[in-house]
Number of protein chains: 2
Amino acid sequence: MPINMGDIARLANVSKPTVSRVLNNSPLVNEETRERVLRVARENGYAINRNAQKLRQVRNDTVAVVLDFGSHRAGRIADPFIFELLAGVSESLSIRNQDLLLSPPSLTDVQSHLDLISSRVADGFIFLGQGEREPMLRDLARAGTPFVVWGGVDPKAPYCSVGSDNRLGGQLAGELFVQRGAKRWLFVGNIRHSEIRMRFDGLRAVAARHADVSVDHLDVEHMAYAPTYQQMGTWLRDNPPPDAVFAFSDTAAIAIVSAFRELGLEAPNDYSLCGYNNIPPAADFTPALTTIEQETHLAGAILVEKLMQILDGGKPKSSMLPTRLIVRQT
Amino acid sequence: MPINMGDIARLANVSKPTVSRVLNNSPLVNEETRERVLRVARENGYAINRNAQKLRQVRNDTVAVVLDFGSHRAGRIADPFIFELLAGVSESLSIRNQDLLLSPPSLTDVQSHLDLISSRVADGFIFLGQGEREPMLRDLARAGTPFVVWGGVDPKAPYCSVGSDNRLGGQLAGELFVQRGAKRWLFVGNIRHSEIRMRFDGLRAVAARHADVSVDHLDVEHMAYAPTYQQMGTWLRDNPPPDAVFAFSDTAAIAIVSAFRELGLEAPNDYSLCGYNNIPPAADFTPALTTIEQETHLAGAILVEKLMQILDGGKPKSSMLPTRLIVRQT
DNA sequence: TTGTAAGCGTTATCAG
DNA sequence: CTGATAACGCTTACAA
């Protein structure tokens, strides 16, 4: 019952290799033959057996994508950020006719990753977010496994990573605050995440150039709406209100607006506010949020591009994505 | 260089089938032999070639999961809902040793789905959210493709679906509104999504039992924060404010709070408000959101379970998950 | 309990 | 431009 390449060959009066050539767009085939084969294949609803194909070919044309469900589920990170990243990767892979295997949660140690490669399931990995697996990634790199990582970009890391230029993001926010004449800045975020710390560093670098500017830091461990709202509220009760706030995400910025509002303070009159990520609601929120844009869509394409380079034997460098300030009301 | 089953067989002084039996946990193997083979395999870092394996076996042990990036990306749906669903499915599949192939965005029509099955890439599909592809799913069911769907549960549909009891969700919201003495209800959502329409139906069923209650409908095509906020605002300018609102998601409920606030109206004093999904921020929002909870984690397990039944030749029935009202401030 | 032989459906090689 | 033949690495008979 399951129709195969031999059947198509017979029905089209050609040999199997010719059918194979047609399906692989080989230029060696006579136009007439090609059309006949394609017609027969179509008429019989034939689809090539990809397992047989992969058995013969060197490449698998499959990429394993590793999400960190552990830290993203339960809404701990409310920005639709990782989801967009996944969408971008999915699209880029599909353009290159690569299958996307979503890594199982059981994939935790080096060996299980190596096995996935040697069992010829995937050609390489894309890690979305390095989270707490830095050490494992180093081992994986040492073992010569092909992979790329979305996350904080450390030029000294032994693997290729792609991420937003977080330091620049912090500087852009700082320069905005200077321009607005703000003096008492507050940075809100968990600086144990290296991406976040780099933003803080960028912000402080700008502050250091202005003697009359002070920078405070509100540590928010879980990066979501609710804890941010609560901690910001507490902070505002215990401290004089800052006149500029740089938040780790737009969702956090929205929480911060609410917390200030309880004191009757509104951006931009009473304080400047800058978020991060430029999530779609940011533009429509009242007040419209000033924010830093990371080009997530581009990110997927670049990650895929770099991985393909590695698979082709290249050694692409880590790189940072265009990062820009989008000034709106706040 | 790539080591294969024949090599392991030779090194362990057995035949290939014996190695195969060991790796597939066949009970037919002598314990001593088993251990020897496993040791040799481990020592040589051998991992079975899954493509060759799949070529021989009837089943592929791969499930294609279809996300609706089209309507979820660009933050159009900011609820971390689908993400959690995906995590649950991923985990359940991994427990059953099934690979998860994330469907490419190019997979839109019936034929491309059929091709994925006949090219032996996947055994079946799990659709997360039926969105507007109801007609396509009917065709797919007619073609005998194995799949299950997360979404609205219509017992008359020709395929197996699993979802929240949307109708009950609507009724629960309606009963709450009755209890609060609300008379002018508003339903906000895109009823071309069947899940959403069923909630509307449930709400109206309750309304129909009360002569003095009217139900209006605000159609929001793109189910995200920004459009909801804007359209709700417009609606409030053109119509007398409702005294009860049932929103298609908690994110939408948050947008609705903002829109009402611009008119100086606050829940629960000026209107009752019920969301959907019970996302984590809902409890901490001000005011704390009343909402309907869907058990997403369970959902993943059930979807996988049903698909496996179908693949084993069974005909599982559609089923609805426990759904309950969580009454908070609004 | 183990081994031998055959074949899964494709592509690589080489000859024509 | 096309075809014959031999792999790819595994599992399924069937035999011992």
d(CG, A:L28; C1', C:dA15) in whole Å: 15 Å
Proximity to the side chain of B:P17 - top-ranked nucleotide from C:dT10, C:dG3, D:dC10: C:dG3
Presence of B:S15 side-chain N/O under 4.0 Å of C:dT2 phosphate oxygens OP1/OP2: no
B:S318 and B:K306 side chains, donor-acceptor separation under 3.5 Å: no
Interatomic distance, B:L23 CG vs D:dG9 C1' [rounded to whole Å]: 12 Å
Partners meeting side-chain contact (heavy atoms from CB on, under 4.5 Å) with B:D154 (sequence neighbours left out): B:R138, B:K156, B:A157
Sugar-phosphate only, base, or nothing, as touched by B:R21 at under 4.0 Å among non-hydrogen atoms: base
Nearest-angstrom distance from the residue atom CE of B:M5 to C1' of C:dG7: 16 Å
Short side-chain N/O contact to D:dG3 OP1/OP2 from A:T18, under 4.0 Å: yes
Within 6.0 angstrom of A:E32 CD, more than 12 heavy atoms from elsewhere: no
B:N51 and its side chain to side chain donor-acceptor pair (under 3.5 Å) partner, picked from A:N60, A:T62, A:N51: A:N60
Taking every non-hydrogen atom, the tightest pair across B:I310 and B:V148: CD1-CG1, 3.8 Å
Euclidean distance, atom CG of residue A:N30 to atom P of D:dT2 [Å, nearest integer]: 5 Å
For atom CG of A:N13 and atom P of D:dA4, their distance in whole Å: 12 Å
Validation row: B:D109, B:M136 side chains within 4.5 angstrom (heavy atoms): no
Value in whole Å for how far the P atom of D:dG9 lies from CZ of B:R10: 13 Å
Distance below 4.0 Å between A:T33 side-chain N/O and D:dC1 OP1 or OP2: no
Contact residues, residues 43-62 of chain A to DNA chain D [heavy atom, < 4.0 Å]: A:L55, A:R56
